[in-house]
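A quick write-up on the structure given underneath.
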Amino acid sequence: MSADPVAGLREVVGPAGLVTDADQMAGYLTDWRGAYRGAAAAVVRPGSTEEVAEVVRRCAAAGVAVVPQGGNTGLCGGSVPDASGRQVVLSLTRLRRVRDLDPADQTITVEAGVVLRAVQEAAAAEGLLFPLSLGSEGSCTIGGNLATNAGGTAVLRYGTMRDLTLGLEVVLPDGRTWSGLRGLRKDNTGYDLKQLFLGSEGTLGIITAAVLKLFPAVRTRATAWVGLPGPQAAVDLIGVVRELAGDRLTAFEVMSRQSLELVLAHTSGVRDPLGGPHPWYALVELSDTLPKAPLDEVLEAALGAAFDRELVTDAVVGSGSGQVAALWALREGISEAQQPEGPSLKHDVTVPISSIPAFVAQTDRALQVALPGVRIVSYGHVGDGNLHYNLSKPVGADDDVFRARGAELSRVVHDSTASFGGSISAEHGLGRAKAGLIADYKDPLDIELMRGLKQLLDPAGLMNPGAVLPAAR
């Protein structure tokens with residue numbers, strides 16, 4: 001590498017792969033919400049795994065820290081550099097090849113920069129399904145999904161990215177490439193190394209490709225929007241639906257009335273599916289590989305049983321793809337609908353499913369004591385215990401005053417989560433937002449083991465420094 005580290009990188013990726021102009025770098029230096037901002041010596045955009053490896057090798061030799069970045073759709077600042085201006089952002093968006101799709105093995109091998117929707121479409125073209133589904137699926141990349149162990153709306157049936165991944169290709173912090181791109185369903189030859197990198201947010205290495213599981217295509221769906229008296233009814237309704245539908249229950253999303261009101265206020269072309277307001281709502285979806293499976297009848301039978309038990313106050317079953325899409329738009333529009341209301345605090349927590357009603361009641365009370373009038377925008381994947389328990393400022397409150405209370409209010413949410421044996425990060429990762437908090441909520445031995453892995457693989461601490469791990473005390 002030359003005396004100027006940036007000039008040395010140009011030798012690897014060429015002029016088109018190196019961005020140093022301030023205006024052109026701007027989009028890489030902040031997250032999509034504008035909550036995190038940084039500076040960088042350069043943005044490097046390699047076009048192959050070999051180029052990624054050489055960039056990392058040269059940065060390691062020069063002592064330059066590397067911040068990997070995919071679609072930059074995260075919520076915890078994990079793909080944004082610090083303010084020093086000395087780090088290099090390594091964007092993987094040019095690694096966008098689908099290397100292989102094997103219908104017999106039901107696997108697809110893709111590079112890290114492939115957009116999630118493109119993977120879904122490639123699978124669908126072969127009559128197969130890649131089940132990960134997120135609100136940002138049109139812009140998030142597979143590398144980011146892997147680095148944060150993304151979950152989404154179908155975890156209830158298919159699991160997280162840890163469950164959907166068979167093999168990885170990873171550039172290590174010293175520039176070597178570990179090739180673990182095996183599509184084996186069984187491989188019992190020692191440690192499962194890929195699991196070290198899944199969810200590590202680029203702190204142990206850079207994922208450049210993956211072998212992912214595919215499934216038979218869904219040919220029948222049934223979707224309902226349900227009014228509920230409260231969170232306990234949602235938990236009880238899951239049991240009722242499971243009794244009749246079994247593993248055909250694919251998604252069970254829940255949201256508060258406050259969440260829906262923001263979507264209705266700030267999203268064009270949407271409407272309330274039910275006649276009047278309800279305290280809580282569920283979006284329930286069944287799916288089957290059979291082309292004419294009687295899922296509407298199964299769902300209606302489950303809702304009928306729930307009505308008899310007074311778990312459901314109103315419901316509508318989606319008729320046709322347009323209406324189903326409209327129902328999903330209400331759920332998927334919540335996060336963006338918070339934006340016009342000013343600053344928001346995002347919390348991605350998980351507690352045991354049975355504890356959700358008590359958690360919501362306890363945390364709601366504590367927050368209203370801490371900040372009367374705070375608006376609680378609570379929604380999420382209640383079928384796996386994951387709530388996005390977000391906060392918006394009280395109506396008419398000052399933005400800066402609300403931001404200044406952010407750490408205090410987040411502490412209320414996280415302490416309550418911990419009291420139920422939960423986790424302060426369910427699917428968004430830790431990034432920079434929660435790296436400093438995690439030591440307060442994880443066992444010290446957990447932190448010690450994590451630090452040991454970091455020291456083993458990245459002794460110089462150049463891979464996404466400041467993310468995931470708390471600073472040493």
Side-chain angles (χ1 to χ4, degrees), residues 1-6 8-9 12 38-44 46 49-70 76-92 112 143-144 146-149 168-180 190-209 425 429-439 442-473:
M1 203 163 181
S2 65
D4 178 2
V6 172
L9 297 179
V12 180
V43 174
V44 187
T49 297
E50 292 75 21
E51 288 187 2
V52 173
E54 184 62 15
V55 167
V56 170
R57 187 188 70 78
R58 293 191 178 209
C59 285
V64 175
V66 176
V67 179
Q69 188 178 101
C76 295
S79 61
V80 178
D82 66 16
S84 69
R86 295 191 294 268
Q87 298 179 338
V88 165
V89 173
L90 196 154
S91 170
L92 296 161
L146 294 161
T148 57
N149 184 33
L168 293 179
E169 177 184 82
V170 182
V171 172
L172 301 176
D174 59 6
R176 290 180 296 167
T177 299
W178 173 63
S179 182
Y191 307 131
D192 190 354
L193 296 177
K194 69 177 181 293
Q195 294 296 342
L196 292 178
F197 303 101
L198 290 164
S200 69
E201 302 187 55
T203 59
L204 302 179
I206 298 174
I207 297 170
T208 52
S425 178
L430 296 172
R432 283 158 180 71
K434 299 177 184 176
L437 297 173
I438 194 61
K442 284 187 81 70
D443 188 290
L445 182 56
D446 289 351
I447 301 296
E448 180 184 335
L449 293 173
M450 290 168 64
R451 289 193 193 282
L453 288 170
K454 176 73 169 175
Q455 179 64 27
L456 175 66
L457 292 171
D458 182 25
L462 297 178
M463 301 302 296
N464 210 6
V468 179
L469 284 169
R473 294 180 174 177

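These figures come from a predicted structure and were not determined experimentally. Along the sequence shown, residues carry numbers from 1. FYI, side chains are in, hydrogens and waters are out, and symmetry mates aren't considered; it's all heavy atoms of this structure.
At a threshold of 4.0 Å, the pair R451-E448 does not count as salt-bridged, since none of the basic side-chain nitrogens sits closer than that to a carboxylate oxygen.
The only member of L457, L204, L172, I206 that meets side-chain contact (heavy atoms from CB on, under 4.5 Å) when paired with M463 is I206. Among S79, P46, C59, the one residue that satisfies the side-chain contact (heavy atoms from CB on, under 4.5 Å) test with L90 is P46. Checked against L430 for a side-chain contact (heavy atoms from CB on, under 4.5 Å), the options L437, T203, T148, I438 give a single hit: I438.
Inter-residue side-chain proximity for R86 and V64 is flagged as unmet; no heavy-atom pair is nearer than 4.5 Å. Residues K194 and D192 are in side-chain contact: their nearest non-hydrogen atoms beyond the backbone lie under 4.5 Å apart. Proximity of L168 to W178: side-chain heavy atoms (C-beta onward) are separated by under 4.5 Å at one or more points.
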Exercise. For side chain to side chain contact (heavy atoms under 4.5 Å, CB included), just list the numbers for V88 and V67, CA-CA rounded to whole Å, side-chain angles, deciding distance to a tenth of an Å, and then say yes or no.
Key: CA-CA 6 Å; V88 165; V67 179; over 6 Å; no
Practice problem: Kindly determine whether T208 and E169 satisfy side-chain hydrogen bond (donor to acceptor under 3.5 Å, both in side chains), including the steps that lead there. | Solution: CA-CA 6 Å; T208 52; E169 177 184 82; 2.7 Å; yes
Quiz item: Step by step, would you call V89 with V44 a side chain to side chain contact (heavy atoms under 4.5 Å, CB included)?
Solution: CA-CA 6 Å; V89 173; V44 187; over 6 Å; no
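A pairwise comparison of heavy atoms in A467 and A435 identifies C-CB, 4.2 Å as the closest pair. In terms of heavy atoms, A60 sits closest to L462 at CA-CD1, 3.9 Å. Between A53 and G175, the shortest heavy-atom contact is CB-O, 3.4 Å. In plain terms, the two heavy atoms of P470 and G436 that are nearest each other are CB-CA, 4.5 Å.
Put simply, CE on M450 and CG on L445 are 11.5 Å apart, with the number rounded to the nearest 0.5 Å. Summarising the geometry, atom CZ belonging to F197 is positioned 12.5 Å from atom CG belonging to L146; distances are rounded to the nearest 0.5 Å. One finds the CD atom of Q195 at 10.0 Å from the CG atom of L193 (value rounded to the nearest 0.5 Å).
Remark: the backbone N or O of V80 is paired with a side-chain donor or acceptor of R432 at under 3.5 angstrom. Panel note: side chain Q87, backbone A41; no donor-acceptor pair is recorded below 3.5 Å.
Judged purely by distance below 3.5 Å, without hydrogens or angles, the side chains of N464 and E201 never pair a donor atom with an acceptor atom.
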